[in-house]
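Structure first, then comments.
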Number of protein chains: 2
Amino acid sequence: MRAGCALMLMTNNTEVALREISPELNDKALKVLRAATGIFLTHGFSAATTDMIQQAAGVSKATVYAHFANKEALFVAAIEAQCEKFEASVRAIRFEPGNIAKVLRELGHAYLNIVLSETALAFMRVIIAEASRFPQLGSTFYQAGPKAILSVVSEQLAHAVEAGEIDVQATGIETAAMLFFSLLRGEGQLICLMHPESRVSPVQIDHWVETAVHTFLRAFGSETSGGRVLHVASLD
Amino acid sequence: MRAGCALMLMTNNTEVALREISPELNDKALKVLRAATGIFLTHGFSAATTDMIQQAAGVSKATVYAHFANKEALFVAAIEAQCEKFEASVRAIRFEPGNIAKVLRELGHAYLNIVLSETALAFMRVIIAEASRFPQLGSTFYQAGPKAILSVVSEQLAHAVEAGEIDVQATGIETAAMLFFSLLRGEGQLICLMHPESRVSPVQIDHWVETAVHTFLRAFGSETSGGRVLHVASLD
DNA sequence: TTAAAATCAAACCGTTCAGTTCAAATATTT
DNA sequence: AAATATTTGAACTGAACGGTTTGATTTTAA
């Protein structure tokens with residue numbers, strides 16, 4: 001009964017979804033999960049204590065252990081829920097159709113804003129830190145994050161190829177998409193992961209996006225796309 | 001009895017440096033520092049215990065605390081020493097002069113091999129994980145790693161600009177160098193940080209290097225396509 | 001109303017942790 | 001050899017941890 005409860009929580013992701021199914025029943029379990037997520041994200045697995053979680057949840061310790069087998073299970077549940085939320089936010093990225101420069105700019109901007117948010121950074125830090133102890137969580141996150149956004153971008157790049165806007169023959173679409181995100185994340189993520197107290201300004205994000213799009217289109221743009229000065233015939 | 005598990009991660013640059021200053025005096029302190037580094041890299045700060053360190057060092061607990069004030073101080077000392085070692089290995093990268101494609105290829109290859117090594121990955125994981133608790137270590141590492149290699153590459157890019165091999169007017173040299181490393185690290189580092197048990201083959205590294213260099217030169221090469229250079233007379 | 005289920009606060013358990021103490025043993029210096 | 005410093009092992013402290021138990025109280029459902 002206890003295990004089943006926890007499993008249900010893991011498959012349904014957000015509070016909203018669960019509230020609709022069982023209006024007030026799993027209220028406590030949800031409070032615990034939500035509190036646990038916060039504590040784990042700010043302290044990591046080892047430094048987080050079940051007392052912190054219990055206190056943050058406003059719940060007795062017995063209740064915590066009535067819904068989750070132990071600290072590890074609670075951690076896994078919290079991280080997996082966060083992965084689903086993360087993937088959802090990535091897949092919710094919308095952009096108006098247009099030329100590839102515009103699409104990449106919109107996509108890049110949205111993605112960078114997600115990925116450089118305090119929550120996402122704390123999340124990534126914990127995943128990276130605990131990847132050895134919880135290997136499946138690393139994979140789960142990779143699927144939910146990079147893999148998810150990559151499929152979206154790959155699709156857009158495919159359209160651009162058909163439209164003759166870009167030429168990715170040298171690398172293939174998937175690789176090109178990955179390169180775009182490497183350009184996009186590159187400096188920002190490195191800095192933010194290692195300097196948790198530093199805040200990133202919207203201007204800085206704009207600049208990173210512009211640089212990434214511009215560079216990407218210089219490398220892969222056919223002709224007119226992103227300020228390519230040198231017009232090389234596409235048969236090189 | 002079985003102390004050698006995490007010890008193998010370590011090598012001994014700091015040892016040399018410190019031995020020269022105080023030949024046999026700080027023998028024990030060094031053993032402690034070396035063991036501590038191994039333990040911290042494999043377990044992180046919180047999960048590492050002073051007993052593990054003491055045992056791995058083959059030293060009594062009193063000796064540990066005779067040389068280091070507490071666990072935090074030991075951690076800082078271990079990480080800072082590792083930063084120095086890391087920077088040294090980055091600055092030791094050598095490459096034969098040649099066209100920019102060749103230089104970038106050699107540089108990129110050496111850097112990627114360092115950065116994707118087990119030790120460097122474990123090191124980065126710990127830095128990222130503990131950046132909130134030890135903010136200065138994040139900065140120290142950033143200086144020792146990214147900043148260090150960036151200065152090397154920027155210099156080479158400057159030469160290439162003078163030689164007319166590349167055109168970085170759009171972004172500037174520093175940014176271009178950063179973009180090169182973003183392309184270089186991009187996928188590999190993301191995968192490796194989150195999948196600690198996965199091994200990277202030399203072939204995979206070669207491929208990443210080739211892709212990065214190729215893409216970079218498509219974006220910034222004056223009249224190149226993937227490394228072929230049209231020579232322009234050097235002005236000085 | 002009543003019985004079952006869930007939750008509570010708090011004490012409690014066994015373990016582990018960082019760090020200390022100390023007398024004995026070992027090196028090092030003089 | 002004597003004096004001094006360093007290291008050792010092992011026991012110990014006090015706090016914190018994960019997790020359990022308990023008995024009282026509240027909530028839910030019939």
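Keep in mind the model is a prediction, meaning the values are calculated, not measured. Each chain gets a letter, A, B and so on, in the order the sequences are listed, and its residues count up from 1.
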Which nucleotide in C:dG19, D:dT22, D:dG19 has an atom nearest any side-chain atom of A:Asn70: D:dG19
Candidates D:dG9, C:dA18, C:dT7 - which lies nearest the side chain of A:Thr63: C:dT7
Sugar-phosphate, base or nothing in reach of B:Ala48, heavy atoms under 4.0 Å: sugar-phosphate
Of B:Ala66 and A:Ala47, the one whose closest DNA chain D nucleotide lies more 5': B:Ala66
Nucleotide of D:dG19, D:dT21, C:dT7 approaching A:Ala62 most closely (side-chain heavy atoms): D:dT21
Test item: B:Glu130 and B:Phe40 side chains (from C-beta on) under 4.5 Å apart, heavy atoms: no
OP1 or OP2 of D:dT27 under 4.0 Å from side-chain N/O of A:Lys28: no
Electrostatic pair A:Lys147:A:Glu87 at N-O distance under 4.0 angstrom: no
Euclidean distance, atom NZ of residue B:Lys31 to atom C1' of D:dT6 [Å, nearest integer]: 13 Å
Distance in angstrom units between B:His67 NE2 and D:dT7 C1', rounded: 8 Å
Atom-pair distance (CZ on A:Phe40; C1' on D:dG18), nearest Å: 11 Å
A:Met52 CE to D:dC17 P, straight-line distance once rounded to whole Å: 6 Å
Per A:Glu72 side chain, nearest of listed nucleotides C:dA18, C:dC22, D:dG19: D:dG19
Atom-to-atom span, CZ of A:Phe75 to P of D:dG19 - whole angstrom: 14 Å
Integer-rounded Å distance: D:dA16 C1' and A:Lys71 NZ: 11 Å
Gap between atoms CG and C1', on B:Asp51 and C:dT15 respectively (whole Å): 13 Å
Least distance between heavy atoms, A:Val103 atom then A:Glu96 atom: CG2-O, 3.9 Å
Over all atoms of both residues, closest heavy-atom pair of B:Gln54 and B:Ser60: CG-C, 3.7 Å
Closest nucleotide among D:dG19, D:dT7, C:dT7 to the A:Ser60 side chain: C:dT7
d(NZ, B:Lys61; C1', C:dC22) in whole Å: 16 Å
Among B:Trp208, B:Tyr111, B:Phe216, side-chain contact (heavy atoms from CB on, under 4.5 Å) partner for B:Leu184: B:Tyr111
Touch class at under 4.0 angstrom, heavy-atom based, for B:Val64 against every strand present: nothing
